[in-house]
Amino acid sequence: MLDREFIIKNRELVEKTCYAKKVKIDFNNLFSLFDKRKNLLNSLNLLREEKNKNSFEVANRRKNGEDVNPLLEKGKEISQKIKKIEDGLSGVEIQEFEILKWIPNILDPEVPTGENSTFKIVKEQGDFSKKGFSYFDILQNSGSVDFKRGTKISASHFPLYIGKAAYLERILINFMLDLHTTKHNYTEVFPPFLVNYDTLFSTGQLPKLEEDMYKLKDDEFFLIPTAEVPVTNIYKDEILTEKSLPIKFVAYSACFRREAGSYGKDTKGLKRLHQFNKVELVRFTKPQDSKKEHQEMLKEAEKVLKLLDLSYRVILLPDYDTSFSSSKTYDIEVWAEGSGEFLEVSSVSNFLDFQARRGKIRFKNKEGKNVFVHTLNGSGLATPRTVIAIIEKYQISDDDFDFPPILKDYIKFGKEIFKEV
RNA sequence: GGAGAGGUGGCCGAGUGGUCGAAGGCGGCGGAUUGCUAAUCCGUUGUAGUGGUAAUACCGCUACCCCGGGUUCAAAUCCCGGCCUCUCCGCCA
C-alpha cells in the first residue's frame with residue numbers, strides 16, 4: 001500500500017505506475033476523498049475539543065455545587081454533531097481504502113517501461129541447445145510421476161510422484177534448505193500452510209488475486225500460494241530493532257494455486273500445477289540496504305542452478321509483468337534441453353516498504369523513529385520445473401534418469417558438502 | 001468441543017465513571033559519581049493525525065488502555081458482540 005502523503009506528492013508517478021501495471025484507478029475521485037477526509041477530520045477535532053472542555057467544566061462546577069444542567073444539554077448537542085461527522089468520515093475512509101488497496105507498488109527506474117517494452121536479459125549461463133527426450137516421455141515411460149492417478153485422487157494438475165521422482169523432490173528440497181541455511185546464513189522456518197485474509201492482504205495477494213487462491217468453504221482460510229505469505233507476515237504489526245536487521249528466513253512449503261485464467265497453457269506435465277513444492281527466501285532489511293540485498297538474493301537463487309550444473313538465464317521483468325506489490329523483479333529461467341525452452345524457476349523481488357506498510361512491519365531506527373522495513377523474497381527454487389531440467393539434462397534413456405553429481409554427494413555426505421562449494 | 005480466568009505503554013504491573021496518556025517497577029536514553037565492572041543518585045523516555053510554521057526543532061489540539069458497537073455531559077473503567085491467551089475436562093497424531 002502506498003502512503004496517502006506519498007500519493008499526493010507523487011501523483012504523476014503513481015498514475016504512470018497504474019497505467020503500466022494495467023490498473024484503472026479513479027484518481028480524481030481519490031483526491032476529492034482526500035480533501036473531504038481532511039475537512040471532516042479538522043472539524044471533528046475542533047468539536048471533540050469542545051466536548052472535552054465541556055465535560056471538564058461539568059466536573060468542575062459540580063464540585064462547587066453549581067448548576068450543570070445547561071452544560072449537560074450543550075454536551076448532548078455536541079456529541080450528536082460529533083456522531084454525525086464521525087459517520088461521514090468513516091464513510092469517506094471506507095471509500096478511500098477501497099481505492100487505495102488496489103493501487104500497485106511503484107516501479108524501480110531500471111524496470112523496462114514504455115510502449116514496446118519487453119524483459120531485459122541480464123545474464124545467460126551455460127549453453128542452450130535442444131537435445132534428448134522430453135521429461136514428459138521419460139516420466140511417463142518410467143512411471144515415476146503418475147498423472148492419471150493424481151487426477152483420480154484429486155484433480156488434474158495434482159501430480160502423484162512415485163519412487164525415484166518422489167525421492168528427487170525430497171532430496172532437492174533438503175538440498176536447497178541446507179544450502180541456504182549453511183552457505184547463505186538463513187534461518188529455517190516452517191510456516192502454516194493455511195492463512196487468514198489479513199495475512200494475504202499484507203503481502204498483496206488480496207484483494208487482487210482472490211480468484212487465484214484456494215479458499216476453505218467453512219473457515220476463513222486460504223491455502224498459501226507461496227511461503228512468502230506466512231513468512232513475510234511473521235513480524236506483522238511488530239516493531240523490530242535496527243540491529244536485528246537484516247533478518248533472513250528460508251522456508252519450504254507446498255504452494256497451492258488455482259491458476260485461474262491460464263487454461264490451455266501447459267495443459268499436461270509438470271510445468272503448471274495446482275500444488276507444487278518451493279523453497280522460499282525472505283528478507284527484512286533497512287530501506288537503504290534493500291537494493292544491495294536484492295542482488296545478493298538473486299545470486300543465492302542462482303547458486304542452486306549453478307550447483308546442479310543447469311543452464312539458465314536471468315531476466316528483468318518489464319513494468320506490466322512486475323507483480324502488484326513488487327517494485328522490481330528478476331526471473332530466473334532454467335533451460336530445459338529436452339523440451340528446448342526456458343522455464344521460470346524463480347522470481348526474486350524487492351517490495352520496498354509496500355508490504356511492510358500493509359502489514360505494519362517496522363523497526364526503530366537510530367533516531368528512535370519507527371520506520372517501515374523493506375521486504376524482499378525470492379524462490380530458491382520451485383521444484384517442478386527444476387526437476388524437468390534435471391531429468392532432461394541427466395537422462396539416461398527414454399525411461400530413466402540420473403541424479404546430478406552434487407545431489408549424489410549430498411545424499412552421501414549431507415550438508416558438509418556446502419563447506420566446499 | 002465443554003467449563004472457568006484474563007487481555008493496560010518495549011516488558012512487568014496498578015487503576016472500576018471526571019486534570020488518566022495512564023501510579024510504581026524493569027528496561028532504554030542523557031547526566032553525576034567511578035581505576036575497571038557492579039552498585040548508587042538525578043533527569044528523561046509511546047504511536048499516529050492535525051493546526052501554529054518553511055522545518056524530522058518547539059508549542060497547541062485530537063485519537064489510541066485487544067477489536068467493533070452501545071450507555072453517559074464524560075468510558076481504560078459500565079453494557080453487548082467478536083477475536084485472542086491461559087487453566088481444567090473431552091477428543092485426537
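To find a chain, count down the sequence lines: A is the first, B the second, and so on, and within it residues start at 1.
- Between B/G18 and B/A75, the distance separating the two P atoms is 11 Å to the nearest Å.
- Annotation: side chain to side chain donor-acceptor pair (under 3.5 Å) contacts involving residues 72-84 of chain A, sequence neighbours excluded, comprise A/Lys83-A/Asp87.
- The distance between atom CG of A/Asn196 and atom P of B/G82, rounded to the nearest whole Å, is 19 Å.
- Of the P atoms belonging to B/G17 and B/U77, the separation is 12 Å, rounded to the nearest Å.
- Here salt bridge (Lys or Arg N to Asp or Glu O under 4.0 Å) pairs that include residues 369-385 of chain A, with residues two or more places apart or in two chains, number zero.
- The CG-C1' distance, from A/Asp198 to B/C83, rounds to 11 Å in whole Å.
- Identified under the ring-ring contact (aromatic ring centres under 6.0 Å, His included) test for residues 58-109 of chain A, with sequence neighbours left out: A/Phe97-A/Phe201.
- A side-chain donor from one of A/Ser290 and A/Asn350 sits under 3.5 Å from a side-chain acceptor of the other.
- No option in A/His180, A/Arg283, A/His184 other than A/Arg283 meets the side-chain hydrogen bond (donor to acceptor under 3.5 Å, both in side chains) test with A/Glu300.
- Rounded to a whole angstrom, the distance from the P atom of B/A93 to that of B/C86 is 23 Å.
- Between the side chains of A/Gln395 and A/Asp400, no donor N or O sits under 3.5 Å from an acceptor N or O.
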field: Under 4.0 Å protein heavy-atom contacts per nucleotide of nucleotides 43-64 of chain B, with B for base, S for backbone only and - for none
entry: ----S-BSS----S----SSS-

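- Sequence neighbours left out, the pairs with a member in residues 6-33 of chain A that pass ring-ring contact (aromatic ring centres under 6.0 Å, His included) are A/Phe31-A/Phe34.
- One C1' atom belongs to B/A74, the other to B/C67, and the distance between them is 22 Å to the nearest Å.
- Side-chain contact check for A/Ser134 and A/Glu392: no donor-acceptor pair (N or O, by modelled atom type) lies under 3.5 Å.
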All N/O pairs under 3.5 Å across the protein-nucleotides 16-20 of chain B interface:
residue	atom	partner	partner atom	Å
B/G18	O6	A/Arg62	NH1	2.5
B/G18	N2	A/Ser55	O	2.9

Could I get a table of every N or O pair under 3.5 Å where one atom is in the protein and the other is in nucleotides 91-93 of chain B?
none

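- Phosphate proximity of B/A74 to A/Ser79: present, with a side-chain N or O under 4.0 Å from OP1 or OP2.
- Pairing of B/A14, defined by two Watson-Crick or G-U wobble distances under 3.5 Å, is not identified with any nucleotide.
- Applying the salt bridge (Lys or Arg N to Asp or Glu O under 4.0 Å) definition to pairs two or more places apart or across chains, none involves residues 180-203 of chain A.
- B/A63 and B/G69 have their P atoms separated by 15 Å, with the value rounded to a whole Å.
- Side-chain contact between A/Ile390 and A/Leu310: present, with at least one pair of heavy atoms (C-beta onward) separated by less than 4.5 Å.
- The base-pairing partner of B/G21, taking Watson-Crick or G-U wobble contacts with both distances under 3.5 Å, does not exist among the strands shown.
- Both distances falling under 3.5 Å, in either a Watson-Crick or a G-U wobble arrangement, place B/G60 opposite B/U50.
- Of the nucleotides present, B/U45 is the one that pairs with B/G27 by Watson-Crick or G-U wobble criteria, both distances under 3.5 Å.
- Listed by first and then second residue, the side chain to side chain donor-acceptor pair (under 3.5 Å) pairs involving residues 20-38 of chain A are A/Arg11-A/Asn28, A/Arg37-A/Glu93 (not counting sequence neighbours).
- Across all strands shown, B/U72 forms no Watson-Crick or G-U wobble pair with both key distances under 3.5 Å.
- The nucleotide B/A39 finds no pairing partner, because no Watson-Crick or G-U wobble arrangement with both distances shorter than 3.5 Å includes it.
- In summary, of the residues considered (A/Thr375, A/Thr232, A/Asp237, A/Asn233), a side-chain hydrogen bond (donor to acceptor under 3.5 Å, both in side chains) with A/Ser202 occurs for A/Asn233 alone.
- With both ends at atom C1', the span from B/G13 to B/U8 equals 9 Å, rounded to whole Å.
- Distance check on atom P: B/A3 versus B/G82 gives 13 Å, rounded to whole Å.
- Shown here, B/G90 forms no base pair; nothing in the strands shown gives a Watson-Crick or G-U wobble contact with both key distances under 3.5 Å.
- Taking the C1' atom of each, B/G28 and B/U85 are spaced 28 Å apart, rounded to whole Å.
- Taking A/Lys53 as the reference, A/Glu49 meet the side chain to side chain contact (heavy atoms under 4.5 Å, CB included) condition, with sequence neighbours excluded.
- Heavy atoms only, all atoms of each residue included: A/Asn377 and A/Phe351 are closest at ND2-CE1, 3.1 Å.
- Using a 4.0 Å cut-off on heavy atoms, the residues of residues 80-98 of chain A that approach RNA chain B are A/Lys83, listed by number.
- Base-pair partner of B/A5: B/U85 (Watson-Crick or G-U wobble, both distances under 3.5 Å).
- Pairs of residues two or more places apart, or lying in two chains, that qualify as side chain to side chain donor-acceptor pair (under 3.5 Å) and include a residue from residues 409-421 of chain A are A/Asp178-A/Tyr410, A/Glu416-A/Lys419.
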